[in-house]
Amino acid sequence: HKNGGSTMRDIFLENERLGYGLYQGYTQLLWRQDFAVLQRIAERAVAEKRSPNHFIMMEAHFGFEEFANRPLSDLVRLKQLYQAAGVRCPIALMTRVREPLAYYL
């Protein structure tokens, strides 16, 4: 019952190690401090009318509930900030589903 989670996590961590972005994952325990970094990056990017040159890679390992509360609403606010300033900063979400799905329901 595997779906590539460890492989994706390794890709995220390697990209963070290389300085391409910020990995926030497995649990959302550090979301507040990571979001503070994202907020500062966004404010600077909007003030300079440019897209940020880093990205965030998130993993809500324990399900949608932990992601849906704070992180998702914070990301929506960031998206609105960029859009209002006319700054391009796409937000993409990806879901991995384990098979057989019925085993987890």
Side-chain angles (χ1 to χ4, degrees):
H1 304 293
K2 299 299 285 175
N3 71 346
S6 296
T7 301
M8 287 304 303
R9 190 173 310 111
D10 287 346
I11 291 169
F12 290 164
L13 288 167
E14 181 64 8
N15 276 279
E16 181 180 55
R17 187 188 70 76
L18 293 171
Y20 297 130
L22 174 66
Y23 170 68
Q24 204 290 318
Y26 210 74
T27 73
Q28 288 6 108
L29 294 174
L30 300 176
W31 175 249
R32 291 284 78 206
Q33 76 181 42
D34 289 340
F35 183 70
V37 172
L38 291 176
Q39 188 73 39
R40 285 192 302 274
I41 291 169
E43 290 166 357
R44 192 174 318 128
V46 164
E48 296 172 4
K49 295 288 187 188
R50 63 163 179 77
S51 295
N53 58 358
H54 285 78
F55 56 95
I56 184 166
M57 302 153 288
M58 292 185 67
E59 177 185 12
H61 185 79
F62 296 104
F64 185 72
E65 287 79 16
E66 72 170 330
F67 182 70
N69 293 330
R70 196 69 205 202
L72 193 54
S73 63
D74 287 342
L75 290 174
V76 168
R77 283 198 341 264
L78 275 186
K79 182 177 181 178
Q80 293 167 342
L81 176 67
Y82 284 118
Q83 285 177 334
V87 174
R88 186 178 186 286
C89 185
I91 295 176
L93 300 174
M94 173 187 80
T95 302
R96 293 184 329 269
V97 178
R98 289 184 179 213
E99 292 292 341
L101 181 59
Y103 178 80
Y104 298 96
L105 297 178

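Side chains included, hydrogens not; waters and symmetry mates left out as well; all remaining heavy atoms used.
To the nearest 0.5 Å, the span separating CG on N15 from CG on D10 amounts to 11.0 Å. Rounding to the nearest 0.5 Å gives a distance of 4.0 Å between CD1 of I56 and CG of L38. If you take SG on C89 and CD1 on I41, they are separated by 9.5 Å, rounding to the nearest 0.5 Å.
Sorted by first and then second residue, the pairs that involve residues 39-48 and meet side chain to side chain donor-acceptor pair (under 3.5 Å), not counting sequence neighbours, are Q39-E43, E48-R50.
Partners of E14 according to the salt bridge (charged side-chain N to carboxylate O under 4.0 Å, His left out) rule, which considers only residues two or more places apart in sequence or in another chain, are R17.
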Distance-only donor-acceptor hits, side chain of residues 76-86, under 3.5 Å, sequence neighbours excluded:
residue: R77; atom: NH1; partner: D74; partner atom: OD1; Å: 2.7

Take F55 and L22, measure what side chain to side chain contact (heavy atoms under 4.5 Å, CB included) needs, and give me the verdict at the end. CA-CA 6 Å; F55 56 95; L22 174 66; over 6 Å; no
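Of all heavy-atom pairs between E16 and Y23, the closest is OE2-N, 3.0 Å. The minimum heavy-atom distance linking F12 with M57 is given by the pair O-CE, 3.4 Å. The two residues P52 and R88 make their nearest non-hydrogen contact at CD-O, 4.5 Å.
Within the 4.5 Å cutoff, side-chain heavy atoms of W31 are placed close to those of M58.
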